[in-house]
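Letters A, B, ... are given to chains in the order of the sequence lines, protein chains preceding strands, and every chain is numbered from 1.
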There are 2 protein chains.
Amino acid sequence: MDINATTRPPGRPREFEIEEALDKAIVVFSERGYHAASISELKDAMGLAAGSLYKAFKDKKAIFLASFDRYKQVRNAVLDEELAGGENGRDKVSRMLRFYAEASHGENGRRGCLVVGTAIELAVYDAEAAERVDRSMARSEALFETLIREGHADGSIPTTTDPAATARLLLSVTQGLRVLGKTGPSRERALSVVDTAMRLLD
Amino acid sequence: MDINATTRPPGRPREFEIEEALDKAIVVFSERGYHAASISELKDAMGLAAGSLYKAFKDKKAIFLASFDRYKQVRNAVLDEELAGGENGRDKVSRMLRFYAEASHGENGRRGCLVVGTAIELAVYDAEAAERVDRSMARSEALFETLIREGHADGSIPTTTDPAATARLLLSVTQGLRVLGKTGPSRERALSVVDTAMRLLD
DNA sequence: TTAATTTGGAAACGGTCGTTCCCCAATAGA
DNA sequence: TCTATTGGGGAACGACCGTTTCCAAATTAA
């Protein structure tokens, strides 16, 4: 009986963790963008030989898409955890905005957002990239809308606030923060945008 | 006496207009981004041989920076003209937001903004690009702030609206619109963001 | 005319890109 | 123990990249 639920497949076992390697690739792709990130840079960062890289992934685009998916999975998990601590709808919207603002200054800000980078560099010419960007944007927009409706229900956000329209605006603000973050503004400037945006929920 | 104020320099005269060529380059750089735009694509779009291109510009980056400067010059002129027709501070803010929203849907939206593209793809690694992005962002932010103060003075915007903080938020909204525009939303969705943002000035 | 200068354009260059190949190591199953 | 299968890693490959070179053409100045 194997200790794992699945039996090990034939052939030599992989000596590295795919997800650990992807975490390194995410950094390279985020900082450099898709086209400027060379296989040479990627293999160095991931600690792999070119041959091994191409046994784990079909081609450069596959490495990128796997990195994107990993990035989204990790970021979504962190955001969900952050939102779980929210008191009411309004507090959760504020937490979500701050989540983006915190990622949009200093070193992380300069590193940049893989979703925004993909939208700018890849979405127009690559259908698979575009679909992922669309899904990511739609998820964020829908989440904002849900939180606003939650605020309507618990009384923390006035019902005069239009959920769909406000969600679209807040999505626009978060994506904009990520762009501004590339030029490395201070934490205070990023957070002041959040404070001002929250006025929309008064 | 020459009909022009300046006499013609020695050597064979250039057979194309630099600015016309740059207008073609702007399209290529906007759609493809800096790294994905090859010299081959650029020379085809600009209608020049590689040799001629390199006599007019030092290298690829020089073509890009000249395109960026031309882009900013043209866009700033169009925006200034649009703002000149505004009735008061509030109307001018609305016009400026609509100016970005109109550029952020359909074909133009998918083509993208050269400032946002440069921020994402180049600003982190290239000082000259970063300086241009910074200047562009600072100009927009300062313009928003000026218009809000104008609204304070003419009574179209309540003085409870903080000029600096609101200007930062509106800058974030416009940059976000440009990102969202890459996935080609409808005109209505882009303009609804403007309507909602204008609520901040109530 | 002639010399100097600059552009137009095609061909060529070295370098790097993404990718594949090949050989050896490590594992499962028979 | 033998075979099949897969991964590790480095060397090699063709393609395309940005750039330079070269020569003919067009212009100014002498």
Side-chain angles (χ1 to χ4, degrees), chain A residues 1-22 24-25 28-29 31-68 121-122 125-126 128-129, chain B residues 1-22 24-25 28-29 31-68 121-122 125-126 128-129:
Chain A
M1 267 270 227
D2 210 300
I3 195 165
N4 292 323
T6 59
T7 60
R8 181 185 285 169
R12 179 171 171 174
R14 184 169 284 133
E15 294 178 6
F16 64 95
E17 291 295 325
I18 290 270
E19 299 192 338
E20 282 179 24
L22 286 179
K24 310 291 184 59
V28 176
F29 278 129
E31 288 182 345
R32 306 275 285 151
Y34 178 79
H35 288 105
S38 69
I39 295 290
S40 178
E41 279 177 286
L42 286 166
K43 79 175 173 53
D44 289 349
M46 298 166 88
L48 299 173
S52 307
L53 200 49
Y54 276 84
K55 266 154 193 160
F57 302 98
K58 180 176 165 284
D59 54 20
K60 184 183 176 182
K61 207 181 93 175
I63 306 172
F64 181 79
L65 294 179
S67 299
F68 185 102
E121 220 184 342
L122 244 47
Y125 285 94
D126 187 289
E128 287 176 281
Chain B
M1 268 269 229
D2 209 299
I3 196 166
N4 293 325
T6 59
T7 60
R8 179 185 286 168
R12 180 170 170 174
R14 183 169 284 136
E15 294 178 6
F16 64 95
E17 291 294 324
I18 289 271
E19 298 192 339
E20 283 179 24
L22 286 179
K24 309 292 182 59
V28 176
F29 279 128
E31 288 180 346
R32 305 274 285 152
Y34 178 78
H35 289 105
S38 69
I39 296 290
S40 178
E41 278 176 287
L42 286 166
K43 79 175 174 51
D44 288 350
M46 298 166 89
L48 299 172
S52 308
L53 200 49
Y54 276 85
K55 268 153 194 160
F57 302 97
K58 179 176 165 285
D59 54 20
K60 185 184 176 183
K61 207 181 93 175
I63 306 172
F64 181 79
L65 293 179
S67 298
F68 185 101
E121 218 184 343
L122 244 45
Y125 285 95
D126 187 289
E128 287 177 281

Legend entry - Donor-acceptor pair, side chain of B:E121 and main chain of A:E121, under 3.5 angstrom: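 Such a contact is absent between B:E121 side chain and A:E121 backbone.
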
key: Closest non-hydrogen atom pair between A:Y54 and A:D59, with its separation   =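 Minimum heavy-atom separation between A:Y54 and A:D59: CE2-CA, 3.8 Å.
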
Q.
Give me the atom names and distance for the closest heavy-atom approach of A:A56 to A:I18.
A.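 For A:A56 versus A:I18, the nearest heavy atoms are CB-CD1, 4.1 Å.
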
Chain A contact limits on DNA chain D, taken 5' to 3' with a cut-off of 4.0 angstrom to heavy atoms
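Listed 5' to 3', the contact boundaries are D:dT5 to D:dG10.
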
With a 4.0 Å cut-off on heavy atoms, is A:A37 in touch with a base, just the backbone sugar-phosphate, or nothing at all?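 Answer is sugar-phosphate: A:A37 comes under 4.0 Å of backbone atoms only.
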
Within this structure, what is the [atom1]-to-[atom2] distance between [X] and [N], rounded to whole angstrom?
X	N	atom1	atom2	result
A:F16	C:dA26	CZ	P	17 Å
A:R12	C:dT27	CZ	P	8 Å
B:D44	C:dG9	CG	C1'	13 Å
A:K43	C:dC17	NZ	P	10 Å
B:H35	C:dT16	NE2	P	15 Å

Under 6.0 Å from the ring centre and within 45 degrees of the ring axis: does the NZ or CZ of B:K60 meet both conditions for the six-membered ring of B:Y34?
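Yes, B:K60 and B:Y34 form such a contact.
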
Can you tell me how far [atom2] of [Y] sits from [atom1] of [X], rounded to the nearest 0.5 angstrom?
X	Y	atom1	atom2	answer
A:K24	A:D44	NZ	CG	11.5 Å
A:S38	A:R32	OG	CZ	7.0 Å
B:K55	B:L53	NZ	CG	11.0 Å

What residue among B:K43, B:K58, B:M46 forms side chain to side chain contact (heavy atoms under 4.5 Å, CB included) with B:I63?
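By the side chain to side chain contact (heavy atoms under 4.5 Å, CB included) criterion, B:I63 pairs with just one of B:K43, B:K58, B:M46: B:M46.
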
Can you confirm whether [X] sits close enough to [Y] that some side-chain heavy atom of one is under 4.5 Å from a side-chain heavy atom of the other?
X	Y	answer
A:F57	A:L22	yes
B:L65	B:K61	yes
A:E128	A:L122	no

Note to self: Quick check on DNA chain D: between B:K61 and B:P13, whose nearest nucleotide comes earlier from the 5' end?
What the structure shows: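 Its nucleotide being nearer the 5' end, the pick is B:K61.
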
Check your understanding: DNA chain D: B:Y34 or B:P10, which has the more 5' nearest nucleotide?
Key ->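 Its nucleotide being nearer the 5' end, the pick is B:Y34.
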
Report task. Please give the angle, rounded to 10 degrees, between the axes at the start and the end of the helix from C:dT1-D:dA30 to C:dA30-D:dT1, where five pairs define each axis. Result ->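 Comparing the first five pairs with the last five, the axes sit 0° apart.
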
Would you say B:R14 places a side-chain N or O within less than 4.0 Å of OP1 or OP2 belonging to C:dT7?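 Affirmative; the distance criterion is met.
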
Query raised in the report: Residues from residues 46-59 of chain A sitting under 4.0 Å of DNA chain D, heavy atoms only?
Result: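 Hits under 4.0 Å, by residue number: A:A49, A:G51, A:S52, A:K55.
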
